[in-house]
Undergrad: 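What follows is a single structure, and I will ask about it in a moment.
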Amino acid sequence: MTSMLDKTPTYRQPALTAREIEILREWLVCESKSEAAARLYVTAATVSTHIVRIREKYARVGRAAPTKTSLLARALQDGVVSIDEL
């Protein structure tokens, strides 16, 4: 007999590009889009554009992430970022 705790949840993952993952990870560990942009040598608008696209991809697979906190939760669930990196 298996319990509910024995089951690992499965999630549909969006098809994020390597660059989207790079920008998402940097933004999640920074205080702002401006700080992430400076670390990646891009503009804050570029970071914003990527974050919008990432959110759209999560919404398309039924896992909306309208806030930074919810996007962090999705990234943790999908193994994009780990607790140790934060």
Side-chain angles (χ1 to χ4, degrees):
M1 187 166 152
T2 58
S3 74
M4 292 293 284
L5 297 176
D6 293 336
K7 296 181 181 182
T8 303
T10 57
Y11 304 101
R12 284 189 59 207
Q13 293 187 9
L16 301 179
T17 67
R19 185 62 169 165
E20 287 170 337
I21 291 170
E22 179 183 23
I23 287 178
L24 176 59
R25 290 169 57 100
E26 196 64 44
W27 178 61
L28 290 172
V29 300
C30 290
E31 294 293 320
S32 67
K33 290 176 185 172
S34 296
E35 181 183 347
R39 293 170 94 176
L40 293 167
Y41 303 102
V42 298
T43 66
T46 298
V47 173
S48 293
T49 297
H50 281 286
I51 297 302
V52 166
R53 289 180 184 157
I54 292 165
R55 285 188 168 127
E56 288 170 352
K57 287 181 177 185
Y58 270 104
R60 280 197 298 270
V61 297
R63 298 171 63 206
T67 65
K68 188 172 186 176
T69 302
S70 60
L71 200 48
L72 172 60
R74 301 292 180 250
L76 287 166
Q77 290 167 338
D78 294 345
V80 172
V81 69
S82 72
I83 293 288
D84 293 334
E85 295 173 275
L86 301 175

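No experiment lies behind these values; they were computed from the predicted model shown.
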Undergrad: Extract all donor-acceptor atom pairs below 3.5 Å that involve side chains of residues 62-71 and protein atoms in other chains or at least two apart in sequence.
TA:
unit_1 : atom_1 : unit_2 : atom_2 : d
R63    : NH1    : R12    : O      : 2.9
R63    : NH1    : D78    : OD1    : 3.0
R63    : NH1    : D78    : OD2    : 3.1
R63    : NH2    : Q77    : OE1    : 2.7
R63    : NH2    : D78    : OD1    : 3.1
T67    : OG1    : S70    : N      : 3.0
T67    : OG1    : S70    : OG     : 3.0
K68    : NZ     : W27    : O      : 3.1
K68    : NZ     : C30    : O      : 3.0
S70    : OG     : T67    : N      : 3.0
S70    : OG     : T67    : O      : 2.9

Undergrad: For a quick test of reading the model, state the closest non-hydrogen atom pair linking L24 to A75 and the distance between them.
TA: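 Heavy atoms only, the tightest pair is CD2-CB, 4.3 Å.
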
Undergrad: Show your reasoning for whether side chain to side chain contact (heavy atoms under 4.5 Å, CB included) applies to K57 and T17.
TA: CA-CA 11 Å; K57 287 181 177 185; T17 67; 4.1 Å; yes

Undergrad: Would you compute the distance between atom CD1 of I23 and atom CD1 of I51 and round it to the nearest 0.5 angstrom?
TA: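 If I round to the nearest 0.5 Å, the distance is 7.0 Å.
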
Undergrad: Salt bridge between R53 and E56, side-chain N to carboxylate O under 4.0 Å?
TA: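 Result for this pair is no, no salt bridge flagged.
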
Undergrad: What closest approach, in Å, do V47 and V42 show between heavy atoms, and which atom pair accounts for it?
TA: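 Nearest pair, atom of V47 first, then V42: CG2-CG2, 3.9 Å.
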
Undergrad: What side chain to side chain donor-acceptor pair (under 3.5 Å) pairs are there with at least one residue in residues 29-43, not counting sequence neighbours?
TA: E26-R39, T43-T46

Undergrad: I need the H50 NE2 to L16 CG distance, nearest 0.5 Å.
TA: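 Separation between the atoms: 11.5 Å.
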
Undergrad: Any idea which heavy atoms bring L28 and L86 closest together, and the distance?
TA: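 Nearest heavy atoms, L28 then L86: O-CD2, 4.3 Å.
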
Undergrad: Would a hydrophobic clustering, with Ile, Leu, Val, Met, Phe, Trp and Tyr connected at side-chain separations under 4.5 Å, put V61 with L72?
TA: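 The answer is no; the residues belong to distinct hydrophobic clusters.
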
